[in-house]
Structures are given as structure tokens and as C-alpha cells.
Amino acid sequence: MHRARTILTDPLVLAALSILVLLGLGEAVSPGFARGDQIVRLLTVSAILGIVAAGQSLVVIGGREGIDLSVGALISLGALLAGNVMSGQDGNILPAILVAGGVTFAIGIVSGLGVTVLRIPPLVMTLGMAGVVQGALIAMSRGTPSGNAAPTLMAFVNRPLVFGLPGILFVWALIALAMWFLLRRTTLGYAIYAMGSNERAAEFTGLPTRRLRTLLYGLSGMFAGIAGVCVIGYTGNSFISVGDQYVLPSIIAVVIGGISLAGGTGNYFGVVLGAIALTILQSVLTTLQLEFWGRQLIFGAVLLALMLLYGRTRQLRV
Amino acid sequence: MSALRDSLRGRVWLVTLAALVTLFLVNLALQPNLLTPNVLKSNLTVFLPLVLVAIGQTYVILGGDIDLSVGSIVALVNVVTVSVIAMTGGETGGILLGIAAGILTGLACGLFNGVLIAILRFQPIVTTFATGIIFGGLALRVLPTAGLPVPAGYWRTYAGNVLGIPTVLWIFVFALLAIAFIARRPFLTHLMATGGLRTAAFQTGLRVGPIRIGAYMLSGLFSAFAALCLTGETASGDPLMGRLLALSSISAVVLGGTALAGGRGSAFGSLLGALVIGMISNVIFFAAIPFEYQTLTTGLITLLALAGGVLVSRR
């Protein structure tokens, strides 16, 4: 009995179950919801959230109240930069990815330095950085959308590549594999967990925690920038607040995926399932043809229900 | 230098005050008519909602939690108040009933947050984000689109004078008195102990749960006050009101020298922090910075101010 309970409250199992239940619900409400091509569509949308959540996971696992609220602005920045570098030309795709990923990585490093060297709380630092990047976006674009995706990038994100799956899903799978390898098969990964669960102990063992944590914020920025490239590949163009809708969902995907916001625990596979579950939930709510307020109410209530199952904090009474 | 830092410890609001005075002088240089009563009054009218929300947010943060739902509480209180006033006809009694309904709504939202977080042990950031979605959904249920004007009696009183002194100034003074009152209650000491070292506070026998719920209810209450002020300013209902208040209120709290980790800081500092945020946008507006660079400048100054605030207050 106890064992059954442990398995049922395992975040991975729970997220997988939620996905199946939501798919069943969607199919019941609107037949064809769980059809193959529809599922591929849902996965494509989940991939963008999942890539942002990869960076968010690293920052959260790294501990000390790690959180990155600048991912939304950095997604928008990545999309704007990529769109302008590409300007619709296939030959410019690689430079576009390098520029978008490089600039957002550098901005992430600056946030990381603020957190580690100046010891500004991550919530404040990344929130402040989001404001600066948002301002830079307005200054760069002068308020009008600019830049186009190259046709090959759009096909890569939207059209089937191999086995009926678009290329972006393979990229996401590669990222998941890289995250697993980084966190479970390298000393760097173990250093991140060590730092996240007990920073002082990690320092005493000689880990360069400042550099490590700074790097995590850089990686989070880079993942957001790459997600921005995917966004512009998905929609063809971008606007300066296109990334805002991903900020809090990326944190929720991390929490649903079983990573404690206190740091030091969890892995990325849960977050992958969390991102998929969250995307399907939003899609089911759209399919239900409820009024907007009803959708909001159910979305909030489902989040709270998920919190009840496994997002809870430590008990004071031991 | 370290002596200076020592004497500032625990009085970080002095630094915020210095920043506020500097910004005020810059603003005065850029806008010579700043000191006329009408301009001061209109400034206070614009700043007041953030000041009130930031005061409420301070208590939650002092207790070691955070409230991202304040913006949605403001929206919900606004639509509840205008709807109740519209239902009861708009006489003085109806207006008072609407105000009472709004305040109760704010307190109920705070109670809901507090019970989820302090009793059911939900994670504060994600939970108040989720409850914010719920409160926002309810606001759209009560009033689907912006509109439904409040009677002239409401906004004329808010924009006018009571006993020869502008209503907004009365509200500001009452906010200061409320801060001073709460600062003298044992509640604040208990709250700061809870935020500083929760386990220790629990082990000394403090009722940590009810204390944290109290902080969330204060946040709901001050959000309700802010909503009533915004209702007086816009004179109508808007279910999307207050969207950015959650993040600006947290900035104001940090600018005022309150530690996000909890346990240290003051609501008075947050009040100054909120005024600083207001003055920053004033100065940028009057400094004739090209429109497309205004957000960037605001962002940079805010980030610098936040970094400065943290550097001065850290131990």
C-alpha cells in the first residue's frame, strides 16, 4: 500500500498519468483531439516551452532560490535577433542561431554575475534584467515588428521531417539527452546538485560555486534565446512581447516535473512531461469552448490540485 | 565606509529616502511647476495604488512568502465594488456597501492564499500565480468587459477635498498611520521571526500558520484599498486592471530595503520604494528622452536602484 502510494505520487508517473487523462478528456470532448497529427502538433508547441524550461530547471536545481524571470524577454530578444539576422534567407539560419543564442547567453551571464558577485536575489536580478531587455527590444525595434523566418527553419519546426515528426522534436529530444548526460553523467552535473542542496558544503569541497551558478544563468539565457528562434520558426515572425507567455509556465513545468523550487533535486525528464501536460491542459481548455473566465478558473484550479499532490513545502512539525 | 554601512543597517529606508529626495530635486529642475498643489496632488493620485499594494506585499515578504496575485485581487475588488454599487442604485449607502464588499473580497482572497500556503503548505510563488489566474477569471466572470461607471459621488469625493485637504492626502496619511499601528503590534515581531527563521519561530511556540495567513490577509486588504483608489481614478470597472502591480510591488519592497528572504525590512521603506518607482518614470518622462528609449532607461535605472538597495541592506 505504502509502495503503491509512493509510485502514484512520483512526479514522473503523475505527469504521465495527467497527460493520458487529459488526452482522453480532449478526445471525449472533441473526437480527433488525440489523433496522431494533433498529438504531433501539441508536442511541437510543448517543445518550445520544454526548451525554455530546460534552462529554468538548471537554475532552479542550482539552488539558493534560483529562478529566472527574464526568460520571457530573452525569448522575445532571441526571436527578434534571429528574425533580423535571417531576414527570410535560408543561408542565414546558422548565423541567426549563433547570434540569438550567443547574445542571450551573454545576458544570462550578466544576470548570473549579479546573483553571485553582487548577491542580488535571483528573483530581483532576473526581474530587473527582464525590464532592461524589454526596454532594449523597444529601442531596437522602435515598436514595430521586424525580421522574417527563413523557409527552411519554418519547415523544420512545422513540417514532418522523419517518421512524420518535425525536426524541432528531434532537437528537443537531443536537448533532453544532453540534459540527462550533463546532470547524471558528468562531474559538472553532480556539482550542480551539490551546490543546490548545500551551497556551503559545496564550497568547502572546493567547488567554484560562483562560476558554476553564473554559468547556469548563462545557459538559461541561451535556452531562452534558442526557444526564441523556435518561436519565430513556428509563427514566421515575432513581436516584442512574444516571450512573455512562457515565463510562469516554464516555472510551473519545472514544478510539475518534480523539481523542488528549493533546489538540489529533480531531473529534466519530469520537466519534459510537465511541459507536455501543461500544453495539453491549455489545449483541452480551449477545446472545451468555455468562456475565457471559465478556462482561467479551471486552469488555476488544476494548478492548485497539482500543487496539492506534490508541490508542497516542508512540514515544520517533525 | 563599513561604519557607515553599520549605521545604515536596519535603516535602509534612509538610503531610499535619499534616492527619493534626489529624484524629487531632478524632477523639480525638469518640471518647475512640480511644487504647485495641483501637480503634487495628481502625482500622489498616480503613485497611491502602488504605494498601498507595496505596503501589503511587505508583510507577506517579511513573513518569508510572496504574493503574485495582488494585481488580480485589485481587478476583482474593482469589479465587485462597481457591480455592487450599480446593483444598489448608486446612493451614498450603496457606495459604502460597494466599498465594504470590495474590502471583504480583498480579505477573502488573502485568506484563500494564506490557507493554501500556510496550512496546506503549497509553494508560495506558484500558488499565488495560480490563485491570481483564478481571481482574474472571477473578475472576468463578474464584469466581462471594461465599463460600468461609478456614480459621480464616488470619484468626485476621491478627486476632491475632505475638510479642505485632498482625499488622496488623507488616504496617504492613513496609510502611514496604519503602518505605524501595525509596527507597534506584537504581530509584526512575530511575523518577522516567522520570516527570519521559521523553524525556530515554530519551536518557540509561535502560531506560524495564523501569522502567515494574517500577512496574506493584510496584503489582500491593502490591495483592496489600492483597487478602491484606482476605481476613484478611473471612475469605472475594468477586469484587467492592475496587471503589472505584482511585479512593481515586489520591486518597491526590495527598493525599500526589505530582504526577499524574509525577516528584515519595513513597510515604510516599501512606501518610499513605491514613490521612487513613480518618480523614476516622472523624471524619464520630463527628461525628453526619445520615446523608444524610455522603457530601456526605466529598466536600467530600476535595475541599478534594486542592485544598490540590495548592496546597502545585505549583511
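Computed from a predicted model, the values in this text were never measured in an experiment. Below, chains carry the letters A, B, ... as their sequence lines are ordered, and counting in each starts from 1.
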Answer key: most heavy-atom pairs under 4.5 Å with chain A among B:L247, B:T302, B:T298 is B:L247

Where do B:F129 and A:L303 land on the side chain to side chain contact (heavy atoms under 4.5 Å, CB included) test, with the steps shown first?
CA-CA 9 Å; B:F129 170 64; A:L303 290 183; 4.3 Å; yes

Using non-hydrogen atoms and a 4.5 Å limit, figure out which bit of A:L297 sits close to chain B: side chain, backbone, both or neither.
both

Find the distance between CD (A:Q296) and CZ (B:R141) and round it off to the nearest 0.5 Å.
14.5 Å

Okay, B:L300 and chain A: the region with an atom under 4.5 Å from a heavy atom over there is both

Tell me, side chain or backbone of B:I125 under 4.5 Å from chain A's heavy atoms, or both, or neither?
side chain

When only pairs under 4.5 Å are counted, which of A:L127, A:I251, A:V132 shares the most heavy-atom pairs with chain B?
A:V132

Would B:L140 and A:F292 satisfy side chain to side chain contact (heavy atoms under 4.5 Å, CB included), going step by step from the backbone distance to the final call?
CA-CA 8 Å; B:L140 284 165; A:F292 184 68; 3.2 Å; yes

Measure distances from A:L304 to the heavy atoms of chain B and classify the residue's part below 4.5 Å as side chain, backbone, both or neither.
both

Say you draw a straight line from CG of B:L303 to OG1 of A:T126; how long is it, rounded to the nearest 0.5 Å?
10.0 Å

Tell me whether the count of non-hydrogen atoms from other residues, nucleotides or ligands lying under 6.0 Å of CD in A:Q245 goes above 12.
yes

Note: vs chain A, highest number of non-hydrogen pairs under 4.5 angstrom among B:A139, B:G299, B:G137 is B:G137

Any chance you could measure B:E292, atom CD, to A:L137, atom CG, to the nearest 0.5 Å?
13.5 Å

Residue part contacting chain A, namely of B:I301, when any heavy atom lies under 4.5 Å
neither

Most contact-rich option vs chain B, by heavy-atom pairs under 4.5 angstrom, among A:G135, A:G294, A:G114, is A:G135

Is A:I298 close to chain B through its backbone or its side chain, or both, or neither, when contacts mean heavy atoms under 4.5 Å?
neither

Is the number of heavy atoms from other residues, nucleotides or ligands under 6.0 Å of B:L197 CG greater than 12?
no

Just how far is it from atom CZ of A:R295 to atom CD1 of B:I133, taken to the nearest 0.5 Å?
12.5 Å

Which of the residues A:G131, A:S260, A:A136 is involved in the greatest number of heavy-atom pairs with chain B at under 4.5 angstrom?
A:A136

Checking heavy atoms, do the side chain of B:L260, its backbone, both or neither come under 4.5 Å from chain A?
side chain

